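Scroll down for the structure; my scribbles are underneath it.
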Amino acid sequence: MVNVISGEFQLVDPLGLHARPAAKLVELVKDSGLQVQIGRQGEEKVNAASALRIMTLKLKCGEKVTVSIESDDLSLANDALGRIRDLFEGRQ
Amino acid sequence: MSLKPGAVLRGVGIGLKATTGEVRVLPPATTGAAKGRSELSQREEVALLGAATSAVSRELTDLAQSADAETSEVIRALKVLLEDDELISQSMRFIESGWAAATAFGMAVESFRELLGGSQELEDRYRDLEDLARRVQSQIRGPGDSADNNQDLTLEADGKFVLVARELSALDIAQLPESVVGVVAERTGATSHAAIICRAKGIPAIFACGGADKLEDGDKVLVDPVADRLVLTEDVSLATLPITYIATANEPIINVMANIGSLVDARTAAANRANGVGLFRTELLYLSALKQPDFEEQVESLREVFEAAPGGPIVVRTIDVADDKQVPFLMCGEFEASAVGFGEVDDVQSAGKGYFVLRHNREFLRSQLFAIERARQDTGRDVWVMAPQVVSATEVSEFVDLARSSGAFRVGIMVEDPSMAHALTNVTGQIDFLSVGTNDLTRRLFATQGYGDLHPELANHWQPELIAIVAKIAQIANNHRISVGVCGESAADPAFAIVLAGLGIDSVSVSPSQLGLVRDALSSVDRKLAIEVAREVLRQNSAESAKLLVLEAIGGQSGV
């Protein structure tokens, strides 16, 4: 069964989600092999495997972002979500 | 039109070391050959593009391997952009509609131009992307291609050149020959990847340098990053020297405290001999909390920080909310801009909503004050509590009443708005201390909304108007025997910290990483010199003359 899990995170990088963290997110997403979408809550999401798309969101420090992952493997998806949280909240 | 000897161009300096050299102007990158329709099969075009991106990707890998850590992190990010899924699929779509590979890739990059517009930072990133596109295109078109990058510039290997360009990409800088000793960019900003790499490689540079287009090949220039300027001269003695502050006393002339936001910061501050905490930003404990933490949770997180904090007072700022740091559980959406006296909603947001929000979340403010009091009692620390972003005497009274009825800590306010400087004499009887937030104060003094605005040069703590208002605040505080500190960015500028001490400021508070430098600076001069310097600074009419005056006075003293 395909599940969609999602999480909401706050960006703590003073520069927002700029090129280098976007690139790290993409590496993480690609490693996971999962379909991950990212965007502001209630707005259209973009493909989190594309750093350019992520950068076009122009997310700033302190903003909240929603990440959703579609997968039939819930534990894999939860694991990826946890790593994304660490990346956004500066624990990596 | 060439520039006269002695002419000065202003920008943002990168690095501390000045250098002289001969100008070499990098011609603007050609935007590539004319668009080409495909003469091959789609499959062949796709293969061409694949081979070219792989080749550029390998170049980047090689470059990253031989670079310092910071440069290689930037290059790895560029590699991810080059191999971006959406960029590739966009290119495929153009190839499918009959364009040649090089053209298709260029068009795909271009499709991101508008999406990445709107700020200097993103435009600088787009520049990096265009640079990648040129590299891919020249791979496809083969050697001898006129649109190749950088090859229009031939530099003798043994010269000393200052490279001047309208725009520079990260890779331009990463691949500079040894003979380039300085860099000037007219349109590229100080937060660009190019600037980051200049800093990492120790190449002095002036970015966002207005008038750089008037420089010509062969001009002899001095790159003077400490003074944020380029001078048309070969005289290196005109360079503004960074000062090495050599502490001659055991203790600084005023207390150097730490700005902290977390337990980790508190420990770092203690390890770096801070004289207490001058600003504890409590909101950082709550940024990711979706609901209001309960009382015990608040006490526990405060207690941990109080215990780890360096000896001396701990100045706690009640939760501060602004555009760039929103606390999820606080209600802050429902207010009218006019109610806080600013013109536009945007102004309010960038100005910080601070105390205004707390008034509307009074229950939370009350619970935070109780939690601070409990943690103070549990740890026995000397705790001071202040409100952020107050703008009127009424707000001050309101906060002071609430705070005094909540705990036995000392009570003060932050002065971050010019209005508060004017209202100060009316509130001195109620408060124990003041803390000046120079970042917001500078911005609001000139009603500019921050860097990159119309007058970015005004957002400078050396502006005489800001120094005058800080002098006034210090004088009122001194007259009423109220302790007064500065916790803005300006305090982390060691030369400026000396001026603050001379103006009558009792303590400065800086981020833990800046403690050593500021401490050394404030231990390298005596109070008398600081007062003399501050008096002279108040007579200056420009930020530039104020800064140069101080650097000279202190440099002379500590024997640079």
Side-chain angles (χ1 to χ4, degrees), chain A residues 6-31 33-42 44-67 82 84-92, chain B residues 70-90 108-109 111-119 121-129 132 170 191-193 196 261-262 264 283-284 286-290 320-328 349-350 352 511:
Chain A
S6 60
E8 197 180 42
F9 312 117
Q10 184 130 19
L11 293 177
V12 297
D13 190 316
L15 296 176
L17 193 48
H18 55 104
R20 279 165 289 155
K24 282 187 184 150
L25 175 60
V26 168
E27 281 170 355
L28 205 157
V29 167
K30 288 193 168 172
D31 282 349
L34 295 163
Q35 290 291 319
V36 182
Q37 302 278 313
I38 178 172
R40 292 183 183 80
Q41 192 171 28
E44 207 177 322
K45 305 281 183 294
V46 303
N47 176 6
S50 164
L52 281 169
R53 284 284 169 221
I54 298 170
M55 284 163 68
T56 62
L57 292 171
K58 300 175 189 171
L59 290 162
K60 294 202 208 73
C61 177
E63 274 203 272
K64 273 175 279 177
V65 320
T66 306
V67 172
I84 292 171
R85 177 192 298 276
D86 288 348
L87 179 67
F88 283 163
E89 298 186 347
R91 281 192 284 268
Q92 200 184 46
Chain B
E70 205 157 355
T71 305
S72 87
E73 192 194 348
V74 171
I75 295 173
R76 280 205 305 274
L78 293 179
K79 208 176 133 185
V80 172
L81 295 185
L82 173 71
E83 293 162 355
D84 192 273
D85 287 1
E86 301 250 347
L87 188 61
I88 303 289
S89 56
Q90 190 79 317
V109 164
S111 68
F112 281 93
R113 176 193 283 265
E114 224 168 280
L115 291 170
L116 289 175
S119 76
E121 281 78 13
L122 282 166
E123 275 160 29
D124 289 339
R125 303 305 179 251
Y126 181 73
R127 207 68 54 214
D128 288 336
L129 197 60
L132 290 172
T191 55
S192 61
H193 285 150
I196 293 169
S262 65
V264 177
E283 61 278 3
L284 299 184
Y286 302 107
L287 284 182
S288 52
L290 289 176
D320 187 18
V321 184
D323 203 21
D324 58 350
K325 41 181 186 189
Q326 291 162 3
V327 178
Q349 301 214 325
S350 58
S511 73

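Quick note on labels: first sequence line is chain A, next is B, and so on, each numbered from 1. As a basis for the values below, the full set of heavy atoms in this structure was taken, side chains included, without hydrogen atoms, waters or symmetry mates. Remember, predicted model here, so these are calculated numbers, not experimental data.
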Assess whether a salt bridge exists between A:K24 and B:E73, defined as any Lys/Arg side-chain N lying under 4.0 Å from an Asp/Glu carboxylate O.
yes
Any salt bridge linking A:R53 with B:D84? Criterion: basic side-chain nitrogen under 4.0 Å from a carboxylate oxygen.
no
Please classify the contact between [X] and chain A as side chain, backbone, both or neither, with a heavy-atom cut-off of under 4.5 Å.
X	answer
B:L129	side chain
B:I196	side chain
B:L115	both

Under a 4.5 Å cutoff for heavy-atom pairs, which residue among A:V26, A:V46, A:L57, A:L52 has the most contacts with chain B?
A:L52
If I take atom OG1 from residue B:T71 and atom NE2 from residue B:H193, how far apart are they, to the nearest 0.5 angstrom?
11.0 Å
Within the structure provided, determine whether A:L59 and A:H18 are in side-chain contact (heavy-atom separation under 4.5 Å).
no
